[in-house]
Structure formats: C-alpha cells, structure tokens
Amino acid sequence: MSDVKQTGLSKTYDPKEVEEKWYQEWMDKGYFRGPIDVEGETFSVVMPPPNVTGSLHLGHALDNTLQDILVRWKRMAGYKVLWIPGTDHAGIATQAKVEEALAKEGQSKYDLGREAFLERVWDWKHQYGHRITSQLKKLGTSCDWSRERFTMDEGCSKAVQEVFIQLFEKDLIYRGNRIINWCPKCQTTISDIEVEHQEKGGNLWHIRYPVAEGKGEVVVATTRPETMLGDTAVAVHPDDERYQHLIGQNVIIPIIDKTIPVIADEYVDPSFGTGVVKITPAHDPNDFEMGLRHHLPQVNVMTKEAIMNEHAGPYEGMDRYSCRKKLVSDLEDKGYLAKIDEHVHAVGQCYRCDTVVEPMVSPQWFVKMKPLAEPAMEVVHEGRLNFVPSRFTKVYLGWLENIRDWCISRQLWWGHRIPVWYCDDCDYIYCGLSENVPDHCPKCGATTFTQDPDVLDTWFSSALWPFSTLGWPEETEELKKYYPTSVLVTGRDIIFFWVARMVFMGLEFQKDVPFRDVFIHGLILDGQGRKMSKSLGNGVDPIEVIEQYGADTLRFMLVTGNTPGNDIRFHLERLEGTRNFVNKIWNASRFALMHLHDYKGHQPWGELTLADRWILSRYNSVVGAVTKALENYDIGEGARLLYDFLWNEFCDWYIELVKPRLYGKDDTVTDAVASRQTAQKVLRHVLSGTLQLLHPYMPFLTEEIWQQLPHHGDTIMLSSWPEVDPNHVDYTAEEEMALLMELIRSARNLRAEMNVPPGKKAELILLTDEEKAQKILTEGKSYIASLATASEVSIRSIKTEKPEGAVTAIVQRVEIYLPLKDLIDIEKEIERLQKELAVTEKELQRLQGKLSNQSFVSKAPVEVVEKEREKAEEGQKKKKALEERIGALKSL
RNA sequence: GGACGAUUAGCUCAGCUGGUUAGAGUACUUGCUUGACAUGCAAGGGGUCGGCGGUUCGAUUCCGUCAUCGUCCA
C-alpha cells in the first residue's frame, strides 16, 4: 500500500485569497522595512513616483515588477534592502483634474482663489492619492511603505526650497526675460522637453517685403505669416551674393507698413526658401537668439491666450489662426503674396493637452545647465553611472551635450512655490526660507514684500527624489547608509525628464551619483504595436488582469520573452499561457505534498539514483544561470530558464521518473523505504529551491507552496537565495540521462508511428556494443520501461540475432527494436528507414565536406574540429546500421 | 536631416562575446479521462533567420549598404 495522502489542495490554483493573505502577513511582520541598525552590504532603490491622482497602468506594473524582482532577490541574497515608494504631485495633471471637477460645479479656480483652490487639491489628493499605492500593493511590491513619500510632503518641500536657495546663491538659478514655450490652454510655460514635435503638413508662404529706400523687394518665406506683425528684421546669410546690396538697408512689413532693417547672420540657411528670413525675436527661439546678437527689439504680438494683441494692428483680437487666414488673404489682395508652397514641418505641441505651443518672451526662472551638465556627463565616462542596456548612454549624453537652460517656473498654483520675494518698492529680490523674509528691504527700507506667484516645474522636485526621500537636507541615517542607491528602474521615455536631472542634482548636492545603474525598459504596447492611450481606448487595466489571473501571472507574463530596453506587445493570450504555468507549478507541488506528508528531513541523501543525480545537477545549473541572469538584469532570461526547467525537466521527466519510487512500486530496488526517502529528499530540495529562485517573479504562489512544504524559517521572502553546490554538479549523470531521454523519446515515437495503443505495454529490445551505453541502459532500464510503456526491456549485444518483425530506430549507437510480430508492413518500414537514412546521409555529407576542407581543419579550434569528427563518426555508424537493417528487411 | 531600435515558424518573441540538425510560447495535425495537472500528457508538421555585398575555414550572430516599420532628436 502506498503512502499517498490527499493534500486537500484544489486542482486549480486560486490566487485571489492567497495573494491578499500573504501581502497582509508580510506587511504585519514588517518584512518590507529597510533595516537601519544592521550591518551589511546594502541594496537600495527609489521607486519612480507615479502621479498621485493617477491609476495604475501596465507601464507602472512592469516598472514595479522589475524593481520588486531585483529587490526580493537581493533581500534573499542577504543584502540590507531599502525600497522607498512614493507619489508625485504632478503639477499640471493634478491641477487640471481638480479644475475639471470644479468646472462640473460651474466654477473656475479663479472663483475660489488660490488658497481655497489649493485646499481643494489637497482634499482631492487625500481622497484619491491612495488609489495607486493600494494598486501597487495588489501587484505584490515589497517596498517599505513605512517610508512612503510624496513630492509635496514637508520633507520633500524642504529639500526643494533648500536646493533652490543654494542654486540661487551659486548663480545657477536666475530670472530672465527669455523666450519660453507657452501653452495657451494650460496657461503656463513648459520646458523644452515638454514640447512634443509632430510633423504636420503646412504651407510655406512667400511674402514680398518692399525695400524702403528706392525700389525693389525681398521675398521672405515663412510657415507662420501671422508672426510677421512682430518682425523686427529680415536676415540673409552674410555670404549670400544675391543679397549683398541689401544688407544694412531697410524693408517694409506689408499691411502694417513698419520699417525694419536687413541684417546678415550666419544662422540663415541660404538654401531654405528664398534665402531671406523674417526675424521675430518674440515668437521664435532662433530668432530670439539672433535678436540678441543684433540688438533687435522684441515685439510680442499675442496675449497669453494666443489672441493677437494691440501690436497686431488691424488683427487685434483675432486668434492666431484666424489672423493667419485673414492676413494671408489681405496679402494676396494687395499683391504681397508671391507664392504658396506646400511644406511639412514640425509643430511643437503641449505634451499635456496637444495645444500648439507658442514661443513667447516672458520673465521666468531658469537653471543654468552648462555647469551642471558637465559633471553629469563625466560620471558616465568614468563608469560611475551605467546604463542597461548601454545604448541608452548615447541618448543621455546626446541630450546633455546640447542642453539649454531649464525653465523651471510654472504659472500654476499646485506645486512648490518659488521661494523668492520681491520688494514692493524697489528691485530688491529676496531668496530664502519664508520665515526669514526681512522686515525691511535692505536696499530701500520698504516693509512689504510680495512672493513670486509661480511654482516650480514638477520635475524639479522629482530630480531630488533619490536624496529627498532619504531625509535630506537632514543628515539622516538613511542617507548615510543608502545613498547612492543601487539602481534606478525606469522607462526609456523619461531619460531626459528625470534620469538626467536626478544625476546632476545628486552630483551637485550629494557629490555622488544618485544611483550606480540605470535599468531602462521599454514601453508596453497593445497587440498591434500601438502605444496604449486613453483616446485609443486600447489600454489594459492591470488590476482587472490581477483579478482575473492573479498578480503572479501578470508579473511573470510582463517580464517573459523580452530583452532589456525593448518594447513589449501585450497579448491577452500570453496571459493564459502564464496562468497555465502557474497552475503547473501548483500541481507539481500538490504532487510533491502528497508524497511528503511523512517527510522526516532525512539527514543523509542516501543512495542517489541516476535520475536524482541528474535533476540535482540540472537544478544546480539553473541556480547558477538564474543568478547570473539577474546579475545582468536579464530578467526575462531568468524567467525563461525557470519555466523550462520546471516544466520540461522537473515535471515532465523527474516527477515521472520518481513516481514508482514514491508509490513504492519500484521493484528494482532492494530497499524500497530508503529509496523512497531519498526521492522525497531530492524532490523537496529541488522543488523548494526552485520556488526560491522563482519567488522574486511570483511572490505569492511561491510563498503559499513553500509554507506547506517542510521548511525552516517564517517566510520564503527571507529565506537564503540558493547557491551552486559543486557536489551536485554531475555532468556524467546529465550525459547519461540525455541518452536515456533520447531513447525513450525515440521508443515513444516508434509506438506512435505504429499506432500502438497508449496503454498497451510492448516489449523493447535494445542492442549496443558500447560498454558505456550498456551500463547506462542497465541502470536506466526501469526508466525506459515506465516512460516508454514497455512490458520488458532487454539489452543485448549487436552481434546477437536481430529481432524479427520489429520496427527500428537508432539513437547514439543504440539500436531500438519494437517487435510487433505480424503487425508490421515490411514495405512501409523500409520506406520509413530509408527516409531516416536520407536525413542521416545528408547530415553526414555536410560534416564530411567540412572535415575535408583543409582550411577548416587547420584553422578552426581543435575542440570544434574534434566535435565535428565525433559527429561524423556517429553518423557513419548510424548510416551503416540503417543500411544493414534495410538490407535485412529486403532479404526477407 | 541625424541617431537608435526592429525585421527569425501562421502569430508573439528568445538566440550573450561568430561553430547547435536555428529554439520557446501560441496556433495547427494525430493519439490519449496514464492515481499532480485536459489551465494536462505523448508524438508530429512548419523557417533559403528582410535584400545585396564584404570579413572569415565557417555568419542568424561581425562590418557596409539598401528596403520596410517604429522611436527619439533637430
């Protein structure tokens, strides 16, 4: 009678209850907390803070799964781990949401006023700010929630002020009247990288500007005719022979009859349009620079709403596009329009609302980038900062090399207020903490100051995230212990926005990189390869996926079959495959548990069978390979290795091989009890270790099973990461099993081709003269019998008489005979063998061709040549055996 | 205009520093209620690795070039 007990586990795994239970347990026990007073090597990560009012999308799910995998792995590997979570106040996005809500009540933020409006935003934050973090918990993220931060909490705000003040004092922050990108809809400036350029079909209008003195005209090409109202010059290239005579003269802007000079500047591209360009310093960044070089006035012709203003003469009050239309038709009527060409050009749009951005001159705050960018580039060259994959280094460096000053002021209410006060009576500026605003202006003695109304770019506070979350500007233990962080995991779309800025801020304020590695992953696309977006409606809600399939399935699926940095197409079918894998592990574990109820933790291994030695060796190799994959950030590769090992080697082979021993039905062993105990030990060891390797990927499932297996410790989370055990590396066992597996497959193939009913046991005769093979066959006889459904397996010498009425296959110098008596059709069998012979001959030919190539033999490494030679020999023997068999059948 | 990535089985993707008979999942075909699992088992079919050159004894892998698609920058 067998020692099988029911486990009480259901046939299919139900993630829901399991996941909630374990997450709660981990939280209650404080397993996620970053230790402070414990010595040891550290591993720290700051979570890219999602928008506080947002909800979890697949991008977050991927990003945080990757972080969680690294974090859980390192924690098991004995590192002192700190993973800080948090959320971002997301200036424009959040403000827009609250404004939207207000609009539904028929109100605007101006109706409320600044203070009341901010209260509303805080209310909103308190109400919805926990949604995304609770969603992250469903995903299984093991971050230290006791240290959760928010970019506008007290500490982060303090850091922001401190950084602003220090940069101001170092002259790295300045206020300037410069050209910025203005979003007429959001009513704020945005930085250069917040402008998205889109190719759009437009026109190139050629406009005649009459020469002021004397006769003639110049024709100017422009994509934005309405800005001509703000022209303060036209420019030509200094070497352009066509226009030499005009340099220094004046031309007249049509319609408004304004006289402006013709200037010469290297910047002008003589081959573009007519080689004469209009210069509008107030509405174009390049013209702005040129205007500075030539001391041209700046004429702003638009309001903040992009409505033409008083400088637009007859067009005052029109929006920029109606103005364009009207102006063009007026020019045409008056004969000033030379021609219209079709022209594709890049139009800058607001990343938030897609409104076409208007370059404008306006007083704003800027960060001087050159001195900050230099060290941020150096650390990469010095190897102190690494990008994974490395190709992203170029993207990062390229941006920093061509960087322009960063406009950090935003005309919003929600955000970090700029810590600057202006004297109401003179031009004195105070920059510092609010509690230290002077009573009297040191310059004029006035007693009233007004704070700058603007707030800072959200990315300004995000840039400080790696040290503000650790408590800076206080000198905290966290900061000492965990800065710099180990790795930043983020999408490739925010290298500029965020990564680069964290690096220079970290270098400036901590004198060290904020993280040593930057692990960049791709974006998640829909099945057709399109970006997921609200407007397309092709988004997939990770929470729905978790509810349907479980977090482990989602996590594993997201990181499988993908290489670092590459985009991922999201296919629902892939979820099913992963769910099946989860279920497979569940059932393999059920099997193990059925046979482990009486497991006593038997001390010695006992006598290991070939199958035991094989699976232990394979398991060991997987331990090494998975660890190495993780070290290289090859998360997908690690997942693949575990999938293959568990499904193919552990389930399909080892469990099948070990069944007779566990059921006590292996009559080939002398001591059935001892054999069973060894099997139990190996089964538990390998399964338990594999679950540990899998834990970073599938935290919930692995914990659930591990808890039921015989184990030491309270949680798999804090169990020690498996290490390679050299005693279990056994290449001989791997080789021997490989032969047996091949034989079994081959025998099964014969049975299938001959339509032997699956349940019917049939005799197998194996012939070989190889001593080694004979030994292996003898040892593996019972495996062959059980897995190839053989009634009897006889092993004989090739020289003995060949079985009659049998079908044949040849595997590595072993001839397999499946005697079927009269059932076989000799003609058909000859045909089958001839097919096989043809394949063998073809391969042999290829090998012989290679070996007879003198340069191959002399130039290729010896091992390679030797390997080819062995294969050729093998093929030769197989060929001979096949020919003999065919000959024998023919002579019947 | 510049840079980067992709192009491998019907579909989705692996394939590290050049030597495997080019792999997986899925789909497909055939047969199976085999005492863990039909979310499963077994056996199979399916690819001139985008085109053209080059380096090499040998190229899916390295180099050049072109094509198509995508992304970023200007």
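Here the structure is a predicted model, which means the values were calculated and not measured. Per chain, numbering begins at 1; letters A, B, ... match sequence-line order.
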| Sugar-phosphate or base contact per nucleotide [nucleotides 2-19 of chain B; S, B, -; heavy atom under 4.0 Å] | -SSS------SSSS---B
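- Straight-line distance from the CH2 atom of Trp498(A) to the C1' atom of C72(B): 20 Å, rounded to whole Å.
- Not less than 6.0 angstrom separates the ring centroid of His237(A) from the ring centroid of Tyr267(A).
- Under the 3.5 Å distance criterion, with hydrogens and angles disregarded, no donor-acceptor pair is assigned to the side chains of Glu637(A) and Asn632(A).
- Asp652(A) comes within 4.0 angstrom of the backbone, heavy atoms only, and of no base.
- Comparing the P positions of G5(B) and C11(B) gives a spacing of 24 Å, expressed to the nearest Å.
- Separation of the P atoms belonging to G70(B) and C13(B) is 15 Å when rounded to the nearest angstrom.
- Leu558(A) has its CG atom 16 Å from the C1' atom of G25(B), to the nearest Å.
- For Lys871(A) and U21(B), the shortest distance from a side-chain N or O to OP1 or OP2 is below 4.0 Å.
- Across every non-hydrogen atom of Tyr654(A) and Ala611(A), the tightest pair is CE1-O, 3.6 Å.
- In the model, Tyr643(A) has no side-chain atom that pairs as donor or acceptor with a side-chain atom of Asn648(A) under 3.5 Å.
- The same atom, C1', is picked in A6(B) and in U61(B); the two are 16 Å apart, to the nearest Å.
- When the nearest nucleotides of RNA chain B are assigned to Phe650(A) and Ala752(A) by heavy-atom distance, the more 5′-ward of the two goes with Phe650(A).
- For the pair His197(A) NE2 and C72(B) P, the computed distance is 11 Å after rounding to whole Å.
- Rounding to the nearest 0.5 Å gives a distance of 5.0 Å between CD1 of Ile635(A) and CZ of Phe519(A).
- The backbone N or O of Lys877(A) sits nowhere less than 3.5 Å from a side-chain atom of Arg813(A) that would complete a donor-acceptor pair.
- Side-chain nitrogen and oxygen atoms of Lys11(A) include at least one within less than 4.0 Å of the OP1 or OP2 phosphate oxygen of C37(B).
- Atoms CG (Leu642(A)) and P (G25(B)) sit 15 Å apart, rounded to a whole Å.
- Arg751(A) comes within contact range of no nucleotide atom at all, as no heavy-atom separation falls under 4.0 Å.
- Which of U71(B), U39(B), G44(B) sits closest to the side chain of Asn583(A) comes down to U39(B).
- When the nucleotides C57(B), A42(B), C37(B) are ranked by their closest atom to the side chain of Glu656(A), C37(B) comes out on top.
- Using C1' as the reference atom, C69(B) and G23(B) are 25 Å apart when rounded to the nearest Å.
- Between Leu523(A) atom CG and U71(B) atom P the separation is 10 Å, expressed in whole Å.
- G50(B) and G15(B) are spaced 14 Å apart, taking the P atom of each and rounding to whole Å.
- Among the atoms of the strands shown, only primed sugar atoms or phosphate atoms (P, OP1, OP2) are found under 4.0 Å from some heavy atom of Phe496(A).
- In this model, no donor atom of one side chain and acceptor atom of the other lie less than 3.5 Å apart for Glu874(A) and Gln812(A).
- With respect to Asp284(A) and Arg224(A), no salt bridge is recorded, no charged nitrogen being found less than 4.0 Å from a carboxylate O.
- Ionic pairing of Arg640(A) and Asp634(A) is not present here: no N-O contact between side-chain nitrogen and carboxylate oxygen is shorter than 4.0 angstrom.
- Helical stems in RNA chain B, defined as runs of 3 or more consecutive Watson-Crick or G-U wobble pairs with donor-acceptor distances under 3.5 Å: B:1-7 with B:67-73, B:10-13 with B:23-26, B:28-32 with B:40-44, B:50-54 with B:62-66.
- At whole-Å resolution of the value, CD in Gln812(A) and P in U21(B) are 13 Å apart.
- Residue Arg745(A) places its side chain closer to A43(B) than to any other of U39(B), A43(B), U21(B).
- Regarding Trp653(A), its CH2 atom lies at a distance of 13 Å from the P atom of C41(B), rounded to whole Å.
- Ionic pairing of Glu656(A) and Lys659(A) is present here: one or more N-O contacts between side-chain nitrogen and carboxylate oxygen are shorter than 4.0 angstrom.
- The nearest whole Å value for the distance from the CZ atom in Phe591(A) to the C1' atom in C41(B) is 15 Å.
- Taking 4.0 Å as the cut-off between side-chain N and carboxylate O, Asp612(A) and Arg661(A) count as a salt-bridged pair.
- Across Trp498(A), Phe387(A), Phe496(A), a single residue satisfies ring pair (Phe, Tyr, Trp, His ring centres under 6.0 Å) together with Tyr396(A), and that is Phe387(A).
- Along RNA chain B, the nucleotide nearest to Asn755(A) and the one nearest to Ile744(A) differ in position, and the one closer to the 5' end is contacted by Asn755(A).
- One C1' atom belongs to G47(B), the other to A27(B), and the distance between them is 16 Å to the nearest Å.
- Residue-level contact check: Tyr643(A) touches the backbone only, with heavy atoms under 4.0 Å from sugar-phosphate atoms and none from bases.
- Considering only side-chain N and O atoms, Asn580(A) lies under 4.0 angstrom from the phosphate OP1 or OP2 of G40(B).
- Nucleotides A14(B) and A22(B) are separated by 11 Å at their C1' atoms, to the nearest Å.
- On the C1' atoms, U60(B) is 15 Å away from U17(B), given to the nearest whole Å.
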